[in-house]
Amino acid sequence: MTRILAAVWGFCVPIIMTTLGFRYAAMMLCGFAFISWLIGVIGAPKTEGKTLKQIEIERYGHEVK
């Protein structure tokens, strides 16, 4: 999904820049980056202070080998 959206964005950027200008394209990119950050902050699991083994057991029910 990410690769497809990145390809679509890469195809659309030149079109956006020629029709609407660099400033608008840059504002859209910053907006998408902010939305991505917000989703990451809200949806990220709470793993502070845990070891990798603890995270693996919590997530998969056993240690991944």
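The hydrophobic clustering, which links ILVMFWY residues whose side-chain heavy atoms are closer than 4.5 Å, places Ile35 and Ile42 apart.
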Listing, residues 2-18 side-chain donor-acceptor contacts under 3.5 Å, not counting sequence neighbours, or none:
from  : atom 1 : to    : atom 2 : distance (Å)
Thr18 : OG1    : Pro14 : O      : 3.1
Thr18 : OG1    : Ile15 : O      : 3.0

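Between Glu63 and Ile57 the shortest heavy-atom distance is N-CG1, 4.0 Å. Nearest heavy-atom pair across Gln54 and Gly49 is OE1-O, 4.2 Å.
Glu58 places none of its side-chain heavy atoms less than 4.5 Å from the side chain of Pro45.
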